[in-house]
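In what follows, residues are counted from 1 in the order of the sequence shown.
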Amino acid sequence: MSLQNINPARLKTFSLAEKTALCEEIRGLLISVVSKNGGHLASNLGAVELTIAMHSVFTTPRDKFIFDVGHQSYTHKILTGRLENFAKLRQEGGISGFPRPSESEHDAFIGGHSSISVSAGLGIAAAMSLKNETGSVIAVAGDGSFTGGEIYEGLNNAGKFKNLKNNFIVILNDNEMCISKNSGAFAAYLSQIRSSKNYHETKLAVKDFLAKSTIGKGVSGAIGETKKIVKGALIRENLFENLGFKYLGPADGHNLKELIEVLELAQSLNCPCLVHVRTKKGKGYMPAEENAGHYHGIDKHKKTLAKPALHPDISSLTYSEIFGREIAKLGEKDSRICLITAAMKHATGCNYFAKKHPERFFDVGIAEAHAASFAAGLSSAGLLPVFAVYSTFLQRCFDQLIHDAAIEKLRMVLAIDRAGLGGEDGPTHQGTFDVGLLSLIPGTKIYAPLTAGELCNCLQKSLYEDSGISAVRYPRGICVDPLHDDLDTIAVTDFYHYKNSEKTDKLIITYGRLSQSVSRLKKYGADILRLVQIHPLPQEIFAIIANYKDVIFFEEHSISGGVAEKLAGEIRSEIRYKMRGVSGFVPIANVERQLKMCGLSLGNMKNFAGL
């Protein structure tokens with residue numbers, strides 16, 4: 001079997017054996033490309049058969065596939081005309097690691113954030129019905145996505161939806177795991193359903209017997225009355241059926257024949273269907289099967305077999321690890337500190353705290369809005385909650401931060417990971433909007449530490465000196481080691497003012513990761529003001545700014561709503577002021593290239609500052 005010239009139409013002509021061979025070839029390609037480029041490995045390995053079965057039964061773009069989160073869509077991309085460009089997955093000028101309608105007509109909806117597929121899919125199905133278009137809509141969501149509240153809002157609406165003419169099918173890809181090990185009531189519920197396959201088999205056997213029996217019609221009413229009793233003995237009431245969906249499954253997600261049959265059945269039914277499919281994350285690659293969490297997402301140019309060092313030197317620790325170690329240490333001294341994550345235990349460094357203080361560690365699943373309200377509840381009862389969250393996912397709990405926390409001035413710390421440009425994950429994972437959002441909330445403080453020492457001090461200040469919401473934001477990657485920091489950092493304060501030996505009328509202001517590049521501009525004749533507290537702006541800096549004729553602000557954040565824009569409204573009009581930051585959504589590239597695209601590389605900033 002060869003992947004060359006593969007397309008959905010040709011796939012439909014393959015025998016079951018040929019499709020099985022194709023699965024193994026695709027797995028080999030996934031391992032090869034993701035090992036080199038980075039990306040999501042385990043989730044894609046687990047969805048190979050499912051994707052091939054979907055393309056065997058349905059026909060895109062007439063039928064619409066919506067992949068929840070979307071990081072399991074690599075096989076779909078390979079099958080829909082992107083094989084030749086697959087080697088440039090997550091590379092500048094290449095293809096996205098998530099579904100993008102702008103990339104292919106076969107991608108019905110954008111992906112990147114969790115729990116959106118049912119709502120989006122229902123909207124597409126409703127639009128198709130209104131326009132009298134034929135075709136099915138298939139929303140594929142992992143069990144991790146079912147820990148997010150939006151998916152239940154969508155299910156509740158879909159199951160009772162009126163005048164839906166198109167097939168609407170939700171595929172629950174149940175691999176018993178989201179990014180972190182799945183937990184909670186829904187995970188337990190799925191476990192109970194998985195163990196009750198005997199009910200579905202019994203139901204089908206009885207139905208088949210009655211259809212062939214001469215007395216079938218006569219006893220069908222009685223059987224209907226007793227079905228609930230039989231069902232109750234084998235399985236508790238099915239949530240999905242109660243919401244108005246026809247439930248099919250659970251099916252073996254690595255058995256192509258079984259998958260194709262259950263999807264064909266779903267296609268034939270004229271009602272909303274939920275197809276429960278059981279898969280194994282990392283299927284076909286033993287290291288990923290044994291440790292799916294480690295292989296959920298791997299970095300570019302890192303061998304997939306590599307394991308993190310047991311005792312890394314502090315100079316090689318990431319910001320996430322520095323945060324994780326510090327909050328675990330603070331938790332030893334203060335039993336009021338609680339740590340919350342939304343299915344990102346290892347990615348945000350929460351594993352250190354979870355190991356030492358499991359009773360005060362809460363993984364709420366992919367439910368950021370719930371996490372914020374939960375943290376507010378903890379705070380109202382006198383505890384000190386810390387919510388570790390990616391900047392791009394923080395956007396999902398804006399209302400809760402305002403209504404549940406800020407109005408009553410409840411103390412809460414947000415540890416905002418992946419702040420700034422998102423690199424190869426692309427525009428769905430940019431962390432360039434959190435400052436603009438949080439600075440709108442009265443009483444909120446925001447810090448942007450650069451070094452490990454600053455990060456630790458900002459955490460302590462947020463916990464013990466501030467009131468209300470405090471946010472400590474930091475980028476992905478290796479933390480700046482103060483021993484190798486050319487910014488002459490000697491203490492942690494709200495800002496640093498670095499002056500040239502010769503007087504200059506030009507001041508450059510910045511904060512966070514960008515400070516490393518900006519610091520090099522000092523030798524060209526500019527003074528540097530580096531902010532650690534970026535909101536509200538420290539009042540002392542205005543006296544400093546008043547001594548300069550030209551002020552230039554650089555920030556790795558959206559220029560609209562950012563710190564530079566807020567400062568512009570507060571400085572004297574006679575000062576010549578200009579600013580540069582991120583505009584709009586930045587395409588896929590590594591962070592260095594993205595900074596250059598935004599005019600934030602060292603050379604770009606030197607020219608913009610007129611140095």
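- Of the possible polar contacts, one joining the Thr504 side chain to the Gly525 backbone as a donor-acceptor pair under 3.5 Å is found.
- Two residues are said to be in side-chain contact when any heavy atoms from C-beta on lie closer than 4.5 Å; Leu401 and Leu438 meet this criterion.
- In terms of heavy atoms, Cys338 sits closest to Leu383 at SG-CD1, 3.8 Å.
- Without hydrogens or angle criteria, His557 side chain to Val435 main chain gives a donor-acceptor distance under 3.5 Å.
- Note on Lys522 versus Asp527: no salt bridge recorded, every NZ/NE/NH1/NH2 to OD/OE distance being 4.0 Å or above.
- Taking both residues in full, the closest heavy atoms of Gly97 and Leu89 are given as CA-CD1, 4.0 Å, listed atom of the first, atom of the second, then distance.
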- Go through the steps to decide whether Asp425 and Arg90 satisfy the test salt bridge (Lys or Arg N to Asp or Glu O under 4.0 Å), and finish with yes or no. CA-CA 7 Å; Asp425 280 336; Arg90 302 177 76 251; 2.9 Å; yes

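- With respect to the salt-bridge test (charged N to carboxylate O, under 4.0 angstrom), the residues Lys461 and Asp494 qualify.
- In this structure Phe374 satisfies the ring-ring contact (aromatic ring centres under 6.0 Å, His included) test together with Phe362, His370, sequence neighbours excluded.
- Side chain of Ser119 to main chain of Ile116: no donor-acceptor pair is present (N/O by atom type, distance under 3.5 Å, no hydrogens or angles).
- The distance between the ring centers of His429 and Tyr390 does not fall below 6.0 angstrom.
- Using modelled atom types, one finds no donor on one side chain facing an acceptor on the other under 3.5 Å when comparing Thr341 with Asp363.
- Of the residues listed (His535, Lys566, Lys445), the one engaging Ser439 in a side chain to side chain donor-acceptor pair (under 3.5 Å) is Lys566, and it is the only one.
- The side-chain tip of Lys578 points at the ring of Phe608 from less than 6.0 angstrom away and within 45° of straight on.
- Remark: the Arg396 side chain and the Ser114 side chain contain no N/O donor-acceptor pair separated by less than 3.5 Å.
- Put simply, the side chain of Lys606 does not reach to within 4.5 Å of the side chain of Arg520, judged on heavy atoms.
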- Can you check side chain to side chain contact (heavy atoms under 4.5 Å, CB included) on Val34 and His40, steps first, answer last? CA-CA 7 Å; Val34 178; His40 295 91; over 6 Å; no

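- Remark: side-chain polar atoms of Gln594 are paired, donor with acceptor, to backbone N or O of Pro587 under 3.5 angstrom.
- Side-chain contact between Arg530 and Leu450 is present, with heavy atoms from C-beta onward closer than 4.5 Å.
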- Task: Go through the steps for Ile541 and Ile509 under the test side chain to side chain contact (heavy atoms under 4.5 Å, CB included), then give the verdict.
- Result: CA-CA 10 Å; Ile541 70 171; Ile509 308 177; 5.7 Å; no

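- Here the OG1 atom belonging to Thr318 is positioned 9.5 Å from the CZ atom belonging to Arg476, to the nearest 0.5 angstrom.
- With Phe553 as the fixed residue, the side-chain contact (heavy atoms from CB on, under 4.5 Å) test singles out one of Leu531, Ile508, Leu507: Leu531.
- Checking side-chain atoms of Gln72 against main-chain N and O of Gly70 turns up a donor-acceptor pair under 3.5 Å.
- Side chain of Glu555 to main chain of Thr510: no donor-acceptor pair is present (N/O by atom type, distance under 3.5 Å, no hydrogens or angles).
- Residues Asp417 and Thr348 have side chains that never bring a donor and an acceptor to within less than 3.5 angstrom of each other.
- Side chain of Glu326 to main chain of Ile322: no donor-acceptor pair is present (N/O by atom type, distance under 3.5 Å, no hydrogens or angles).
- Sparse packing is recorded around CZ of Phe585, with 12 or fewer heavy atoms of other residues, nucleotides or ligands lying under 6.0 Å away.
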- Stepwise side chain to side chain contact (heavy atoms under 4.5 Å, CB included) check, Met605 with Val518: CA-CA 8 Å; Met605 291 190 292; Val518 170; 3.9 Å; yes

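- In terms of modelled atom types and a separation under 3.5 Å, the side chain of Arg473 and the main chain of Gly512 share no donor-acceptor contact.
- Side chain of Ser462 to main chain of Cys458: a donor-acceptor pair is present (N/O by atom type, distance under 3.5 Å, no hydrogens or angles).
- In plain terms, the two heavy atoms of Lys345 and Ala354 that are nearest each other are CD-CB, 3.9 Å.
- Using modelled atom types and a 3.5 Å distance limit, the side chains of His113 and Thr428 yield no donor-acceptor pair.
- A donor atom on one side chain and an acceptor atom on the other are not found under 3.5 Å apart for Asn457 and Tyr447.
- What you find for Ala342 and Glu368 is that their closest heavy atoms are CB-OE2, 3.9 Å.
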- Item | side chain to side chain contact (heavy atoms under 4.5 Å, CB included) evaluation trace for Ile151 with Asp68 | CA-CA 10 Å; Ile151 208 161; Asp68 209 298; 4.0 Å; yes

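- Tyr319 has its side chain within reach of Pro475: a pair of non-hydrogen atoms, C-beta onward, lies under 4.5 Å apart.
- Taking every heavy atom of both residues into account, Ala375 and Met412 meet most closely at CB-CE, 3.8 Å.
- Between the side chain of Asp550 and the backbone N or O of Lys506 there is no donor-acceptor pair closer than 3.5 Å.
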